Peer 1: 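Below are the structure tokens for one structure; questions will follow.
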Amino acid sequence: MTLALETTGPEVRIRLADGTWFGVCDPGALLPGRGVAALLPDGRQVAVFTDRAGGLYAVDNRDPFTGAAVLSRGLTGTHRGRPFVASPLLKQRFDLETGRCLDDDTVRLRTYEAEAG
């Protein structure tokens, strides 16, 4: 897991529920198709992804079906033009923009606004 350290250069940040921005990693740590996990101030974890077009996505790292913090290790892809991450455990797919589970409409991940700055 990546623990956010204070940096003076560019960083990937996510907007927390209280509206503040929190730095999670250096942009160079993100590779298309691979996630990075970061610990948030409240103790939860976030999984951060980028795609080949440079889009940034951040969702809860906890798989709601198993409770394991593994989504940052999931496989990414697209379904009908929408980016998703598939859980490495039970393979449910989650839309990276909305958090909606593509395999069970009753389940949703929390999403975060992300930016590189």
Side-chain angles (χ1 to χ4, degrees):
M1 174 186 314
T2 302
L3 184 60
L5 301 174
E6 291 201 31
T7 64
T8 56
E11 65 181 350
V12 174
R13 305 180 309 164
I14 63 165
R15 188 184 301 268
L16 301 177
D18 66 3
T20 61
W21 289 94
F22 182 76
V24 292
C25 67
D26 181 276
L30 292 173
L31 299 172
R34 310 243 359 228
V36 170
L39 184 62
L40 299 179
D42 65 4
R44 288 183 297 138
Q45 295 179 27
V46 64
V48 184
F49 301 91
T50 189
D51 59 21
R52 293 191 192 321
L56 285 171
Y57 309 96
V59 297
D60 278 334
N61 193 36
R62 188 179 148 289
D63 179 338
F65 290 95
T66 65
V70 295
L71 290 179
S72 64
R73 296 174 182 242
L75 299 174
T76 61
T78 58
H79 176 71
R80 297 184 181 172
R82 307 279 305 183
F84 72 82
V85 62
S87 171
L89 297 177
L90 299 177
K91 310 302 185 235
Q92 285 90 355
R93 298 166 300 153
F94 298 92
D95 185 307
L96 286 171
E97 293 177 343
T98 67
R100 183 177 68 86
C101 180
L102 302 177
D103 304 300
D104 183 340
D105 284 336
T106 66
V107 179
R108 185 175 293 269
L109 296 175
R110 181 176 184 173
T111 61
Y112 300 85
E113 182 181 352
E115 69 175 21

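These numbers were taken from a predicted model, which means no experiment stands behind them.
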Peer 1: Nearest 0.5 Å, please: how far is CG in Leu31 from CZ in Arg52?
Peer 2: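 Nearest 0.5 Å value for the CZ-CG distance: 10.0 Å.
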Peer 1: I would like to know whether Arg108 and Thr98 meet side-chain contact (heavy atoms from CB on, under 4.5 Å); could you show each step before the answer?
Peer 2: CA-CA 8 Å; Arg108 185 175 293 269; Thr98 67; 3.9 Å; yes
Peer 1: Please test Leu40 against Phe22 for side-chain contact (heavy atoms from CB on, under 4.5 Å), starting from the C-alpha separation and ending with a verdict.
Peer 2: CA-CA 8 Å; Leu40 299 179; Phe22 182 76; 4.0 Å; yes
Peer 1: Check whether any side-chain heavy atom of Phe94 lies under 4.5 Å from a side-chain heavy atom of Val107, and answer yes or no.
Peer 2: yes
Peer 1: Any Lys/Arg nitrogen of Arg93 or Asp103 sitting under 4.0 Å from an Asp/Glu carboxylate oxygen of the other?
Peer 2: yes
Peer 1: What heavy-atom pair brings Leu71 and Arg62 nearest, and what distance separates the two atoms?
Peer 2: CD1-O, 3.8 Å
Peer 1: Measure the shortest side-chain to side-chain distance between Phe49 and Pro83 over non-hydrogen atoms and say whether it is less than 4.5 angstrom.
Peer 2: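 Result no, sub-4.5 Å side-chain heavy-atom pair not found.
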Peer 1: Output the distance between atom CZ (Arg73) and atom CG (Asp63), rounded to the nearest 0.5 Å.
Peer 2: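 Separation between the atoms: 13.5 Å.
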Peer 1: Measuring only between side-chain heavy atoms, which start at C-beta, is Leu75 closer than 4.5 Å to Phe84?
Peer 2: no
Peer 1: Quick one: do Leu16 and Val12 end up in the same hydrophobic cluster if we chain Ile, Leu, Val, Met, Phe, Trp and Tyr together by side-chain heavy atoms under 4.5 Å apart?
Peer 2: yes
Peer 1: I need the minimum non-hydrogen distance between Val70 and Ser87, along with the two atoms involved.
Peer 2: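 Taking every non-hydrogen atom into account, CG2-OG, 4.3 Å.
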Peer 1: Do Leu102 and Arg100 touch side chain to side chain, with heavy atoms closer than 4.5 Å?
Peer 2: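 Touching, per the 4.5 Å side-chain cut-off.
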Peer 1: Looking at every non-hydrogen atom in both residues, tell me the closest pair between Leu30 and Thr50 and how far apart they are.
Peer 2: CB-CG2, 3.8 Å
Peer 1: Heavy-atom count check: over 12 atoms from other residues, nucleotides or ligands less than 6.0 Å from Arg44 CZ?
Peer 2: yes
Peer 1: What do you reckon, is CG of Leu90 surrounded by more than 12 foreign heavy atoms closer than 6.0 Å?
Peer 2: yes
Peer 1: Would you name the heavy atoms of Thr111 and Glu97 that are closest together and state the gap between them?
Peer 2: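 So the two residues come closest at CG2-O, 3.9 Å.
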Peer 1: Which value, rounded to the nearest 0.5 Å, describes the distance between Thr76 atom OG1 and Tyr57 atom OH?
Peer 2: 10.0 Å
Peer 1: For the residue pair Ala69 and Gln45, what are the closest heavy atoms and their distance?
Peer 2: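 That closest heavy-atom pairing would be CB-OE1, 3.4 Å.
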Peer 1: To the nearest 0.5 Å, what is the distance between OG1 on Thr20 and CD1 on Ile14?
Peer 2: 9.0 Å
Peer 1: Step by step, would you call Tyr112 with Val48 a side-chain contact (heavy atoms from CB on, under 4.5 Å)?
Peer 2: CA-CA 9 Å; Tyr112 300 85; Val48 184; over 6 Å; no
Peer 1: So, for Ala116 and Leu56, which heavy atoms are closest and what is the spacing to 0.1 Å?
Peer 2: N-CD1, 3.5 Å
